[in-house]
Q: 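Shown below is the structure under consideration.
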Amino acid sequence: MSEYDVINSRLSRLDTPDKATGRALFIDDISFSNMLYGAILQSPLPHAGIINIDTSAAEKLPGVKAVITAKDVGTVKYGVSPARYDETLFCQDKVRYVGDEIAAVAAVDQATAQEAVSLIKVDYEELPAVLSVEEALAEGAPQLHAEYPGNYTAQVHQEFGDVKAGFEICDLIKSSTFVNKRQDAAFIEPPGCVAVFDLHGALTLYSSTQVPHYVQRTVAMVTGLPVGKVRVLKPYVGGGFGIKASANANELAACFLSMKTGRPVKMNLSREQVFKLCRARHQFLHKMTTGVKKDGTLVSLEHECYLDGGAYSSFGIATVYYAGSLLGGPYKLQNMKYDGYRVYNNKPPCGAQRGHGGVAARAAWEQQLDMIAEELGMDPFDLRLKNMMQAGDVTCNDLNMSSLGMEECLQTVQDGSEWKKKKGRLPKGKGIGMACGFFVSGAGYPIYRSDTYHCTAIVKLAEDGGLAQVYTASAEIGQGSDTAFGMIAAEALGVPLSDVRVMSGDTDMGVDLGAYSSRQTLMTGHAVKEAAEDVKHQVLEVLSKELSVPVQDMSIKKGRVVFHRQEPDFSELRTRYIKEHRGWTDNPKDEPLTFREASRIAYLARGSIVGTGKYKPHELGGKYKGAAVGTSPAYGCSAQVVEVEVDLETGQIRIEKMTDAHDCGLAINKTSVEGQMEGSLSMGLGEAMFEEVKFDARGRVINADLAEYKIPTAVDMPPIETIVVESNEPNGPFGAKEVGEGAIMPTIPAILNAVYDAVGVRIFELPLTPERIYTAVQDYHERQKAS
Amino acid sequence: MKRIIHIRVNEQEYELAVEPNLTLADLLRDELGLTGTKKGCEMGDCGSCTVILDGRNVNSCLILAIQANGSSVQTIEGLETEAGLHPLQQAFVEKGAIQCGFCSSGMILSGKTLLDSNPNPGEQEIREAISGNLCRCTGYQKIVEAVADAGSDYQKGQGGE
Ligand code: FES
Ligand code: FES
């Protein structure tokens, strides 16, 4: 039995009845009278100078209300990280990828807007394009940004400990190279927005975003409006996975078009445009060398990584840091050297996607660890256990594992998957593999340098005390955060969830950095808890005065006031409450004093009872350059076992079963935790098995739809067994920490390790297409025969 | 030139003048205000626009409104009754089969078409029945469980129409 009344349970989510019945409003379900429709002109060329833009024909088309280019909106630079603001809303003198934005139109309907876009005439001077890391770094390669020579967005050079000295004491040193492929987030809802500029000079932007706060700041910066004149609201959002975690050109264009026309403007991205927007997982090329002692002790890791970045930075600086820093744990490793390069080229920009920066690195390393275990004759579990950190350990790059349920994760997936019965005993073609991973529970620092609170919360009691309203600017994007915060507020206040209403996703409700880096449960959760406790305290203070009972001798539980010592006579309060509600039928009679009564009395004494809460992380470790990427108040961690069957005739892989254990600290809502694990596993499976955004020689995406870019369907997914491991995170609200991204970490390497177990061949390139597997197996046999 | 069509949507008859290139999805969403039908791709790939047309699942983004002339359409809004949520909707809520919810309307309708013909499907049958409906959030695990659960409700005679 849980010691809690609301949290740590499986309550149904607050938003799902609306979603199950079609009531829930998403961005494209929102319309305004007099609304215009926007469309955007995007470059058809990967790299070209702009000689001239002629919008006259578009402007003359009946129904067109505005056409805007860089001439109209200026060239304020924006992006994700202020250190690399390298985008302008519209290109002025050159385009850098197929999809780069040049102009936008607002018209009375979508068809007219599209037609107007096609009437804009742009004269280009084509420039040579670079479409890969190699081309971009070649001698004399065309340069994308004059400010960032050599086509490097960012380089990272870090060394912790002494890697070289470490290798000298090693008994086994293993090197391997690994490459994944560019992914698309493939959320089912394409992004969209509606901008409404009003008669008071204020702009309201409705958008399917993960980060209302950052969008508000970017819109204010690019339009020149004061932050206070920009309000960003998100309706229900159909998934984000990182790609909706920054302002995009569509949002900015809609704002300008609304400001220019004085009318609401709706802008939707088509599915094809989602692939052009990209901002999804990079292609990473990892070269790793790991040294161990013969008892399996990890000593040194030397790591080099190249990120195929695309035309702009997006999250790229953080990504290249994460690709190195997230190997600091969860194993004890004293020496780690990392050289990372994020490289520009003329493809759509990559950014952050679930497991930001760490997924391919984890895949590369966990496979290498398996190779090491095999060579040492150790079980893969034993190698990991041998090196596993304990709660309280600090990595060589200063990440503090304030809680770490890794051993329990390992134990439970080993048992849950019947590893011991299966490992080494499966028939040819069948295999079993495992891997581990961990992830931040919120970035330790905001994206822009600031002492800002990462989140604020307000809890307000309705005047009759029957309802606690929770307001945050956090982003429910499908992960269940509204429900988690409702549960946290209810628990902290001492009322049932049904007496709480949650409102979120609106910059008018406070500051919240939003849904990225798995931050909300821990961070926003803290703020909500504090606000609810504030409200409770205010009510108890009034009660204390009325009843002459010290505040500390009372609490609220399940909607009732609990007196820890003798129960005072509260009949006078009850009479007052009943008088207040003359004529109502649900007056309390013989029951204990209710929270509703107490709240009403508090309201009569003080007016609106409003509690506030806020959170920012305490001082976190790491003073070296780049320490801000990877440090977090807490880390979630997981272990996973995957079973596969490989058809040796065709190379076709079938994933048969996945068992995943994740330590999320205390689970606020267990069903939601499992949901995050299951979703992470399916995204990881997709990346491992089939996902790859492909380009032609002209830099155009050739599979920009959900038929050719294949994500897992229900028949591709095996049954998943999820095991929720609950450590107690000292820095989390009620001990809670992340689950949204960490669970994806072990998926790809566990699949790779299982494939090796099945066919005896290591694969170092994704995705695991039948062709790749078949060829690898054939090559292997050829080589065997030859030797 | 607009054409007149007759269409039955969620048990209600409509006579509508529609452009010949209007899709059924846009008819439902824009003309009838039934925005529970979602559009994730408008190319027939994702299934979020699934509706039941004369007893069959279709991607309403691929069907023209004029092709639906004379037909009967059921959308997600048509599943609730006065008694409350349909057993499938209830099961999706209780099992945690909904995250972002963008795929849910289509998923639930695909599930319904399956259960209407086979209230006791096996796991593989469920997976196949919803394989035209993409979900990026759930890994399908809880969706499969919810459909199976609702199926047992059907068998107890609480479901269906
Ligand atoms: S919107 Fe119809 S199948 Fe995707
Ligand atoms: S719940 Fe988000 S796509 Fe299915």
Side-chain angles (χ1 to χ4, degrees), chain A residues 10 12-13 15-26 28-31 185-190 236-241 268 270-272 476-480 658 669 671-672 674-683 685-686 705-708 711-717 719-720 722, chain B residues 21 29-30 33-48 75-80 85-86 88-108 110 123-124 126-144:
Chain A
R10 291 185 176 276
S12 287
R13 280 173 56 158
D15 53 343
T16 52
D18 280 351
K19 290 174 175 177
T21 54
R23 284 178 174 79
L25 294 182
F26 293 79
D28 195 27
D29 306 333
I30 294 174
S31 289
F187 29 61
I188 308 303
E189 181 204 34
Y236 283 120
V237 173
F241 311 114
N268 287 335
S270 69
R271 181 53 65 178
E272 187 187 357
E476 167 66 77
I477 58 168
Q479 77 282 50
M658 305 172 94
N669 185 316
T671 310
S672 295
E674 291 167 356
Q676 287 303 298
M677 294 163 71
E678 290 155 1
S680 290
L681 267 57
S682 79
M683 191 173 278
L685 182 144
D705 59 67
L706 294 174
E708 296 300 318
I711 65 169
T713 68
V715 290
D716 297 316
M717 287 307 295
I720 301 172
T722 46
Chain B
N21 64 350
R29 289 177 52 81
D30 299 341
L34 298 171
T35 55
T37 301
K38 301 300 179 202
K39 296 193 297 181
C41 70
E42 298 188 80
M43 295 176 74
D45 297 329
C46 74
S48 62
T75 73
I76 191 69
E77 289 91 348
L79 255 61
E80 260 178 286
L85 299 190
H86 183 277
L88 260 164
Q89 294 173 314
Q90 193 63 40
F92 269 61
V93 168
E94 280 169 12
K95 276 277 164 195
I98 299 174
Q99 289 189 29
C100 82
F102 204 77
C103 70
S104 306
S105 304
M107 281 290 178
I108 290 170
S110 288
E123 186 197 316
Q124 198 52 31
I126 297 175
R127 288 184 185 273
E128 275 158 24
I130 60 168
S131 63
N133 296 84
L134 296 177
C135 175
R136 192 57 151 171
C137 301
T138 64
Y140 306 99
Q141 179 72 24
K142 295 194 190 302
I143 293 177
V144 172

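Keep in mind that the numbers below use all heavy atoms, side chains included, and drop hydrogens, waters and symmetry copies. Protein chains get the first letters and strands the later ones, always in sequence-line order, with residue 1 at the start of each.
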Q: Which atoms of A/S270 are under 4.5 Å from chain B, going by heavy atoms: the side chain, the backbone, both sets, or neither?
A: neither

Q: Any chance you could lay out the side chain to side chain contact (heavy atoms under 4.5 Å, CB included) test for B/K39 and A/N268, step after step, and finish with the verdict?
A: CA-CA 11 Å; B/K39 296 193 297 181; A/N268 287 335; over 6 Å; no

Q: Of all of B/G44, B/C137, B/C46, which one pairs up most often with chain A through heavy atoms under 4.5 Å apart?
A: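 Result: the option with the highest number of such pairs is B/C137.
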
Q: Taking side chain as everything from C-beta outward and backbone as N, CA, C, O, which of these in A/D18 sits under 4.5 Å from a heavy atom of chain B? Side chain, backbone, both or neither.
A: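 When you check distances to chain B, no heavy atom of A/D18 falls under 4.5 Å.
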
Q: Using a 4.5 angstrom heavy-atom cutoff, name the option from A/A20, A/S682, A/A24, A/G22 with the most pairs to chain B.
A: A/A20

Q: So which heavy atom on A/I188 is nearest to which on B/S48, and how close?
A: CG2-CB, 4.1 Å

Q: When you compare the side chain of B/M43 with that of A/L706, does any pair of heavy atoms fall below 4.5 Å?
A: no

Q: Taking A/E678, A/E272, A/M677 one by one, which has the highest count of heavy-atom pairs under 4.5 Å against chain B?
A: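 Heavy-atom pair counts peak at A/E678.
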
Q: Using a cut-off of under 4.5 Å on heavy-atom pairs, state which of A/D15, A/T722, A/L685, A/T21 scores highest against chain B.
A: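 Most pairs with chain B among the choices: A/T21.
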
Q: Please find the pair of heavy atoms, one from B/C100 and one from A/I477, that lie closest to each other, and give the distance.
A: CB-O, 3.6 Å

Q: Between chain B and each of A/S680, A/G239, A/P719, count heavy-atom pairs under 4.5 Å; write down the option with the most.
A: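 Ranked by contacts with chain B, first place is A/P719.
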
Q: B/Q90 versus chain A, heavy atoms under 4.5 Å apart: side chain, backbone, both or neither?
A: neither

Q: Only pairs of heavy atoms separated by less than 4.5 Å count here; which of A/A714, A/S672, A/G478 has the most with chain B?
A: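 Option with the top pair count is A/A714.
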
Q: Non-hydrogen atoms of chain A under 4.5 Å away: do they reach the side chain of B/Y140, the backbone, both or neither?
A: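 Only the side chain of B/Y140 comes within 4.5 Å of chain A.
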
Q: At a 4.5 Å cut-off on heavy atoms, which part of A/E674 comes close to chain B: side chain, backbone, both, or neither?
A: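 Its backbone and side chain both get close to chain B.
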
Q: Under a 4.5 Å heavy-atom cut-off, does chain B meet the side chain of A/L25, its backbone, both or neither?
A: side chain

Q: Relative to chain B, which segment of A/R23 carries a heavy atom at a distance below 4.5 Å: side chain, backbone, both, or neither?
A: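 When you check distances to chain B, only side chain atoms of A/R23 fall under 4.5 Å.
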
Q: Salt bridge or not between B/K38 and A/D28? Use side-chain N to carboxylate O under 4.0 Å.
A: no

Q: Please examine the side chains of B/R127 and A/V715, heavy atoms only from C-beta on, and report whether any two atoms are closer than 4.5 Å.
A: yes

Q: What part of B/V144 gets closer than 4.5 Å to chain A, counting heavy atoms only: side chain, backbone, both or neither?
A: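 No part of it gets close to chain A.
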
Q: Any chance you could measure A/T16, atom OG1, to B/E94, atom CD, to the nearest 0.5 Å?
A: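 Nearest 0.5 Å value for the OG1-CD distance: 9.5 Å.
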
Q: Quick check on the interface: out of B/S131, B/A129, B/S104, B/G132, who has the most heavy-atom pairs with chain A under 4.5 Å?
A: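 Highest number of heavy-atom pairs under 4.5 Å: B/S131.
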
Q: I'd like to know which of B/K95, B/E42, B/Q89, B/M107 tops the heavy-atom pair count under 4.5 Å against chain A.
A: B/Q89

Q: Relative to chain B, which segment of A/A186 carries a heavy atom at a distance below 4.5 Å: side chain, backbone, both, or neither?
A: both

Q: I'd like to know which of B/G40, B/C135, B/G101 tops the heavy-atom pair count under 4.5 Å against chain A.
A: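 Of the options given, most contacts go to B/G40.
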
Q: Does the side chain of A/L681 come within less than 4.5 Å of B/Q141's, by heavy atoms?
A: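 Heavy-atom side-chain distance check fails, nothing below 4.5 Å.
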
Q: Give, as side chain, backbone, both or neither, the part of A/Q676 having an atom under 4.5 angstrom from any heavy atom of chain B.
A: both

Q: Side chains of A/P712 and B/R136, heavy atoms from C-beta outward: is any pair under 4.5 Å?
A: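 The answer is yes; the side chains approach within 4.5 Å.
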
Q: Any side-chain heavy-atom pair from B/Q99 and A/K19 closer than 4.5 angstrom?
A: no

Q: Which one of B/T37, B/D45, B/I126, B/L79 has the most heavy-atom pairs closer than 4.5 Å to chain A?
A: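 That would be B/D45.
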
Q: To check you understand the geometry: which heavy-atom pair defines the closest contact between A/I720 and B/G139, and what is its length?
A: CD1-O, 4.4 Å

